[in-house]
Amino acid sequence: MAFLSRQPASLPVQARQVAEYLGIPNDSALKVLQALARQRLLRSRLGRAGGYQMARPATAVTLLEVIEAIDGPIHAELPITAEGPAFDHPLGILGDLCRRSVDFLREELASRTVADLAEPSAAPLAVAG
């Protein structure tokens, strides 16, 4: 998305160009681009002069939107299930920690945009402690 946001708005970028930039297989780039287009974060144009373009300005696309468009919703899952009083308290603590961690991650990702990634002179993003 950062790469696409730095391209001229009138010039669609082909999946192979994205793959080359990222150093990944064309098929992988195409799958990610299609997922982003399905969520209307990108516009896709078919044909020889086709490709992908940002659907909105980079300042209006959060990193949370991008990640969830590709991987699905971020949510807390504790894949441990056990029954009995010996597990209730520890699993409750772990479950709460997972939920709070996911809430923090979602808030941080929602507060950052593609423009933050696209700025070449930007300092690394600091995470509030």
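All figures in this text were calculated on a predicted structure; none of them were measured in a lab. All residue numbers refer to positions in the sequence shown, counting from 1.
Of the inter-residue distances, the one linking D103 atom CG with I74 atom CD1 reads 11.0 Å to the nearest 0.5 angstrom. Separating the CZ atom in R99 from the NE2 atom in H75 is a distance of 13.5 Å, to the nearest 0.5 Å. Summarising the geometry, atom CG belonging to L63 is positioned 5.0 Å from atom CG belonging to L117; distances are rounded to the nearest 0.5 Å. Residue Q53 holds its CD atom at 9.5 Å from OG of S44, rounded to the nearest 0.5 Å.
The side-chain contact (heavy atoms from CB on, under 4.5 Å) search around S5 returns M54, A58, V114, A118, not counting sequence neighbours. A search for side-chain contact (heavy atoms from CB on, under 4.5 Å) contacts involving A60 returns R56, P57, not counting sequence neighbours. Applying the side-chain contact (heavy atoms from CB on, under 4.5 Å) rule to A55 yields the partners R43; only residues at least two apart in sequence or on another chain are considered. Not counting sequence neighbours, the partners of D96 by the salt bridge (Lys or Arg N to Asp or Glu O under 4.0 Å) test are R100.
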Verify side chain to side chain contact (heavy atoms under 4.5 Å, CB included) between T62 and E65, making sure each step is shown before the conclusion. CA-CA 5 Å; T62 70; E65 290 177 288; 3.2 Å; yes
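The two residues T59 and A115 come nearest to each other via the heavy atoms CG2-CB, 3.7 Å. The two residues M1 and L42 come nearest to each other via the heavy atoms SD-CD2, 3.6 Å.
Judged by distance alone, with hydrogens and angles left aside, the side-chain atoms of D116 form a donor-acceptor pair with the main-chain N or O of T113 at under 3.5 Å.
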Let me check something: any side-chain donor-acceptor pairs from residues 16-41 under 3.5 Å, sequence neighbours excluded? List them with distances.
unit_1 : atom_1 : unit_2 : atom_2 : d
R16    : NE     : Q14    : OE1    : 3.1
R16    : NH2    : Q14    : OE1    : 3.1
Q17    : OE1    : Q14    : N      : 2.6
Y21    : OH     : R6     : NH2    : 2.9

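A ring-ring contact (aromatic ring centres under 6.0 Å, His included) check over residues 30-52, counting only residues at least two apart or in different chains, returns nothing.
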